[in-house]
Amino acid sequence: MPLPPAPKTRGDKVQASESTGRSAKPNAKKLMAVSALHKNPAPLAAAAPASAAAAVQNPAQTSPAQRAPAPVLPAPNTQPAAKSSAPTPSSQAPATKQAAPQTRPARTEKPARKKPAAGSTRLFVLDTNVLLHDPTALFRFEEHDIYLPLIVLEELDAHKKGTTEVARNGRQVSRSLDALVSLNNGDLSAGLRLDSTGQKQASGKLLFQTTLLDESLPKALPQGKADNQILGVVHALQKQFAPREVILVSKDINMRVKARALGMAAEDYQNDKALDDDELLYNGALALPDNFWLKQGKKLESWQSQGDTYYRVHGPTVQSMLINQFVYYESPGEAGLYTIVEELQGDTAVLRTLRDYTSPKNNVWGVNARNREQNFALSLLMNPNIDFVTLTGTAGTGKTLMALAAGLTQVLDERRYSEIIMTRATVSVGEDIGFLPGTEEEKMGPWMGALDDNLEFLSKGTGSGGEWGRAASNDLIKSRIKIKSMNFMRGRTFLNKYVIIDEAQNLTPKQMKTLITRAGPGTKIICMGNLAQIDTPYLTEGSSGLTYAVDRFKGWAHSGHITLARGERSRLADFASDVL
């Protein structure tokens, strides 16, 4: 009868080894038999009697169908074969551990474990626009290394002149590079440790192009262009540092497309984004489930104070609430409940009911809320305990109108603030028309068309006494509204002012920080914009300063946010927003 095939996989060999009976302590004759098996296993396998198969198989571990009389021997030159070469009674099983040293050299036939690839961290090559966009980008790549080509340093030098934001960023990058070089004694060959200036989050190195590289690119690409020279450096680094991953980081979409077309890895700069997905942006409102009040049971507490009703609620839904977040309950056929979160302690929250600004008796400078979100927005704008308000929404949702109406009410009627200051990002939708004549306010006039349109609407209900009365009211209103340019905001401090920042989606996070930090005692700042209408280059919905402010201020006791979802400008504007 022919022998069955030898086990091919490691699992088969282990199974054969476990099913082998334990042999007795080997003597000289048995060791000679083992040696003979290794040298010439065929004659021994052919002469093995049927009783040897019984010694190899363990009846306690096999089924009756597996107890066949055919001899089963492992493949030669393996550990199980050495153990089964000398069939002995099961009473001598403890000797197996003594025989193991004779067969241990067979383990050297296992394939060697692969060594980890050299350079476990990645090498990022930064484009010039990344450094001009975020001057702290050198320290935003954690344990990975950064490489700066010579052409990047040349472009930084060309952009450092002037008073623009790009020029300031270029000078800041130059100062950071100078500090790194001075702390490393000017030796650039081995790279500079990025954490030497105190930036502990950056544990990698900064590498410069200190030698000429083989920048071989297709002849169709002009060699004198800076972008193509950077691509050539990346291509040379891929060969020099292989198999280490070399990645180009650029804010230029076309640059990334060309790099990928040439077989190079390219990524956008991600560290400036407050959110990876704009769908995750905090909207400021939370709808309660249908069974929320039923689950409260006897734990629900309610009381009244200064005309407002308060509820103390419990449950797992409270875990998803934030301070100054709007919580509402609506059910068909029932009156809705609209509240704001006042306190949070573990799984307990205190909700306060809102004033109904949809009612004509609660109008704000003649303006009433037309939907739920507008009612929430007016509650934030009229609350003196909230210093910072952010409003987002599509065109026609009433952001500017409500902000102006609330400002005029609190400046002229309640005397809470001294005046209204309005500014906006001066980013053209089309081609720039050039310099504008006049004073600062006159130069900002063409940018403030939205202000004039809303003031015309708000002044209709204030004029009494004919044309003269309306003209006097308009003069009074305009005397309390100052239009300022953001270019001259640095260093200023606003005391007891009502500040409106329009078109805030076109601001970078750094510009947003500059404006918000101008607030002094008694000042309230309102930022509003439409994240779907970003006109600033290199800004996206995730990296906009408005998104940055909404994400950072959520949950603070003196700030609030609401996203306006429904347009109220006209049926034509609403339909155009949906279909165009």
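Not a single ring pair (Phe, Tyr, Trp, His ring centres under 6.0 Å) links Y357 to another residue, sequence neighbours left out.
The shortest heavy-atom contact between N169 and K510 is OD1-NZ, 3.4 Å.
A side-chain donor-acceptor contact under 3.5 Å links S543 and T540. D134 and Y269 are linked by a side-chain donor-acceptor pair at a separation below 3.5 angstrom, with hydrogens and angles left out of the test. If you check the side chains of T348 and H314, you find a donor sitting under 3.5 Å from an acceptor. In the model, D127 has a side-chain atom that pairs as donor or acceptor with a side-chain atom of S250 under 3.5 Å.
Put simply, the side chain of K484 never gets that close to the backbone of I421: no donor and acceptor are under 3.5 Å apart. Between the side chain of D502 and the backbone N or O of R424, no donor-acceptor pair lies under 3.5 Å. No donor-acceptor distance shorter than 3.5 angstrom exists from the side chain of R122 to the backbone of H144, with no hydrogens or angles considered. Not one N or O on the side chain of K513 forms a donor-acceptor pair closer than 3.5 Å with the backbone of G545. Side-chain atoms of R492 do not come within 3.5 Å of backbone N or O of R518 as any donor-acceptor pair.
Classification of the F124-F141 ring pair by plane angle, with boundaries at 30° and 60°, yields tilted.
Applying the side-chain hydrogen bond (donor to acceptor under 3.5 Å, both in side chains) test to pairs two or more places apart or on separate chains, none has a residue in residues 171-180.
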